[in-house]
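Ligands are counted one by one from 1 in listed order, and the atoms in each one are counted from 1 as well. Predicted model, so just to flag it, every value in this text is computed and none were measured. Note that these values count all heavy atoms, side chains included, but never hydrogens, waters or copies made by symmetry.
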Amino acid sequence: MAKIERARVLVTCPGRNFVTLVIETSDGVRGVGDATLNGRELAVAAYLNDHVLPCLIGRDAQRIEDIWQFLYRGAYWRRGPVTMTAIAAVDTALWDIKGKVAALPLYQLLGGASRESVMVYGHANGNSAEETVERALDYKQQGYKAIRLQSGVPGLASTYGVSKDRYFYEPADADLPTENVWSTEKYMRVVPELFAAARDALGWDVHLLHDVHHRLTPIEAARLGNDLEPYRLFWLEDAVVADNPESFRLIRQHTTTPLAVGEIFNSIWDAKLLIQEQLIDYIRATVVHAGGITHLRRIASFADMFNVRTGCHGATDLSPVTMAAALHFDLSVPNFGVQEYMRHTEETDAVFPHAYSFENGAMHPGEAPGLGVDIDEKLAAKHPYRRAYLPVNRLEDGTMFNW
Ligand code: CS2
Ligand code: MG
């Protein structure tokens with residue numbers, strides 16, 4: 001029985017901050033897990049170093065479920081982003097080890113492939129609807145079958161999802177939170193025009209997605225969903241803050257535009273009502289923030305009972321370790337919808353060598369044993385941590401609002 005012999009937390013910043021857990025067994029098998037919580041990275045690193053790692057040493061590395069329960073029930077203070085991200089890192093690293101011991105790629109341990117590849121969506125954005133559509137055409141030419149559109153809003157200096165760079169988007173860009181200004185009225189006028197222009201230019205054989213990023217009230221979201229119905233969106237994401245899941249009942253009453261939610265969910269309990277009442281169509285919970293592969297499989301099985309499909313979060317602040325784990329999960333899960341793929345920079349990819357690949361709008365985790373990703377510790381050490389915060393939002397009258 002291989003025991004957990006060593007474990008260490010690596011914090012590195014190749015372009016942006018990442019927290020990675022490395023676990024090594026008495027048989028010399030190594031596993032990696034992502035523990036990155038954007039803008040709160042050091043909180044998870046401390047939780048792991050000070051509270052979790054001491055409990056892991058000497059345990060049977062094969063007992064993933066028991067260790068999951070030990071860290072969840074044993075914490076007493078269960079759930080929440082820091083705890084569930086720490087548990088996720090341990091869980092992912094142990095699944096990586098189990099795959100290596102079995103000499104199988106992880107998806108084979110998760111039940112094998114349910115499809116040939118994983119449809120991903122790309123991120124077309126621009127300062128104007130025209131610029132966004134022009135970039136979306138570029139993504140279509142690259143073979144993407146699904147494209148998220150985010151455009152600037154006239155009268156607002158900046159808005160979510162619009163980056164200075166054509167391909168890379170990193171919102172955590174300052175060592176103190178940047179204060180942006182938001183106006184729902186200005187935004188609501190732009191989005192239907194953007195999708196009308198997009199359908200004209202791109203046609204109907206490509207899926208289009210949009211992220212509202214938690215910025216509307218339920219009735220505003222209902223109106224936007226309605227206004228967008230002619231453009232047949234694949235999904236409208238985080239239309240409202242999901243703290244009060246009942247809000248989605250009002251949206252459902254007024255629109256058939258599919259709804260996606262859950263990237264900030266940490267446990268099945270955050271999603272239970274929304275799934276059970278079929279108030280959403282896609283669950284965005286992901287490996288790194290929802291308790292790892294072990295817990296995400298539970299969420300997906302529950303969602304499957306209610307015709308809800310997976311649409312895992314995959315932004316740049318989720319490291320290549322999470323991208324690899326997500327692709328193994330996506331290839332095997334029966335109720336798969338789509339996977340988000342926000343490209344990492346070359347600098348990041350160099351620190352995290354990986355087997356997954358992209359081709360013609362789809363990805364595959366590869367056939368390497370375990371996750372098929374690792375961290376180059378020497379290279380990682382060359383990129384010290386740099387404090388960085390996500391922006392915050394204020395309304396035009398100065399009122400604090402959701403970013
Ligand atoms: C977003 C993210 O990709 C998405 O759907 O909601 O970019 C999100 O803003 C970041 O992951 C926050 O860290
Ligand atoms: Mg989102």
Side-chain angles (χ1 to χ4, degrees), residues 13 15-19 34-44 81-82 84-85 88 120-125 139 144 146-151 158-165 167-174 177-178 180 182 187 191 207-216 221 224 233-243 258-266 270-271 274 280-290 310-323 326 337-345 348 386-393 401-403:
C13 189
R16 62 142 294 115
N17 294 314
F18 294 110
V19 179
D34 183 16
T36 307
L37 188 63
N38 206 2
R40 299 290 182 273
E41 291 88 355
L42 299 185
V44 183
V82 173
M84 299 307 281
T85 301
V120 296
Y121 68 89
H123 296 72
N125 65 79
Y139 273 94
Y144 280 83
I147 306 167
R148 187 186 83 168
L149 306 183
Q150 308 287 143
S151 116
S158 71
T159 187
Y160 167 72
V162 178
S163 62
K164 304 182 193 64
D165 184 282
Y167 291 117
F168 302 109
Y169 175 62
E170 179 45 60
D173 57 2
T178 307
N180 294 336
W182 174 253
Y187 164 78
V191 183
H207 298 299
L208 297 181
L209 301 80
H210 181 68
D211 192 345
V212 179
H213 220 261
H214 326 272
R215 294 175 187 205
L216 302 179
L224 182 63
L233 267 65
F234 184 89
W235 80 34
L236 192 63
E237 177 187 340
D238 286 331
V240 295
V241 167
D243 295 354
L259 302 174
V261 75
E263 71 181 46
I264 64 173
F265 286 178
N266 314 114
D270 298 330
L274 289 167
I280 60 170
D281 306 285
Y282 297 92
I283 182 69
R284 302 253 304 137
T286 198
V287 171
V288 61
H289 299 134
T310 68
C312 293
H313 186 207
T316 42
D317 50 287
L318 283 60
S319 88
V321 174
T322 288
M323 196 64 203
V338 70
Q339 168 68 47
E340 177 174 14
Y341 175 45
M342 214 186 257
R343 297 178 206 201
H344 293 108
T345 62
T348 297
R386 267 200 324 266
R387 189 178 73 197
Y389 288 88
L390 284 167
V392 299
N393 248 348
F401 195 57
N402 313 316
W403 178 75

Aromatic contact between Phe234 and Tyr282, with the criterion being ring centroids under 6.0 Å apart: yes or no? yes
Looking at atom 6 (O) of ligand 1, what's its closest protein heavy atom, distance included? Glu263 OE2, 2.5 Å
Given the rule in the side-chain contact (heavy atoms from CB on, under 4.5 Å) test, do Phe265 and Leu274 qualify, once you have shown the distances and angles that lead to the verdict? CA-CA 12 Å; Phe265 286 178; Leu274 289 167; 3.8 Å; yes
Tell me, which protein residue and heavy-atom name are nearest atom 3 (O) of ligand 1, and how many Å apart are they? Glu340 OE2, 2.5 Å
Nearest heavy atom to atom 7 (O) of ligand 1 wins, so pick from Tyr160, Tyr341, Tyr121, Trp403. Tyr160
Below 4.0 angstrom from a heavy atom of Asp211, which ligand 1 atoms are there? Numbered from 1 as shown, please. 1 (C), 4 (C), 5 (O), 6 (O)
Begin from the C-alpha positions of Thr85 and Arg40 and carry the test side-chain contact (heavy atoms from CB on, under 4.5 Å) through to its verdict. CA-CA 11 Å; Thr85 301; Arg40 299 290 182 273; over 6 Å; no
Have a look at Glu237 and tell me which of Arg284, His213, His214 forms a side-chain hydrogen bond (donor to acceptor under 3.5 Å, both in side chains) with it. Arg284
Identify, by atom number and element, the atoms of ligand 1 in contact range of Ala315, meaning under 4.0 Å from any of its heavy atoms. 2 (C), 3 (O), 7 (O), 11 (O)
If only atom types and distance count, is the side chain of Thr316 paired as donor or acceptor with the main-chain N or O of Tyr169 below 3.5 Å? yes
Which atoms of ligand 1 have any heavy atom of Arg148 under 4.0 Å away? 3 (O), 4 (C), 5 (O)
Under the 3.5 angstrom rule, does the side chain of Asp281 hit a backbone N or O of Leu259 as a donor-acceptor pair? yes
Going by distance alone, is a donor N or O of one side chain under 3.5 Å from an acceptor N or O of the other, for Thr345 and Thr348? yes
Hey, what's the ring geometry for Trp182 with Tyr187, parallel, tilted or perpendicular (30° and 60° as the breaks)? tilted
May I ask you to check whether Asp317 has an N/O atom sitting below 3.5 Å from an N/O atom of ligand 1? yes
Ligand 1 versus Leu390: contacting region, heavy-atom distance under 4.0 Å: side chain
Cation-pi check, Arg16 to Phe18: give yes when NZ or CZ is under 6.0 Å from the six-membered ring centre and within 45° of the ring axis, no otherwise. yes
Top protein contact for atom 9 (O) of ligand 1, by heavy-atom distance: His213 NE2, 2.8 Å
Step by step, work out the ring pair (Phe, Tyr, Trp, His ring centres under 6.0 Å) result for Tyr389 and Trp403. CA-CA 12 Å; Tyr389 288 88; Trp403 178 75; over 10 Å; no
Evaluate whether atom CZ of Arg343 has more than 12 neighbouring non-hydrogen atoms of other residues, nucleotides or ligands under 6.0 angstrom away. yes
For Glu237, is the nearest heavy atom under 4.0 Å from an atom of ligand 1? yes
Closest to atom 13 (O) of ligand 1 among protein heavy atoms sits Asn38 ND2, 2.9 Å
What verdict does the side-chain contact (heavy atoms from CB on, under 4.5 Å) test give for His210 and Leu233, after you've listed the backbone C-alpha separation in whole Å, the side-chain angles of each residue and the deciding distance to 0.1 Å? CA-CA 8 Å; His210 181 68; Leu233 267 65; 4.1 Å; yes
Atoms in ligand 1 flagged as close to Met342, the criterion being non-hydrogen separation under 4.0 Å: 3 (O), 7 (O)
Could you name all protein N, O or S atoms found under 2.8 Å from the Mg ion (ligand 2)? Asp211 OD2, Glu237 OE2, Glu263 OE1
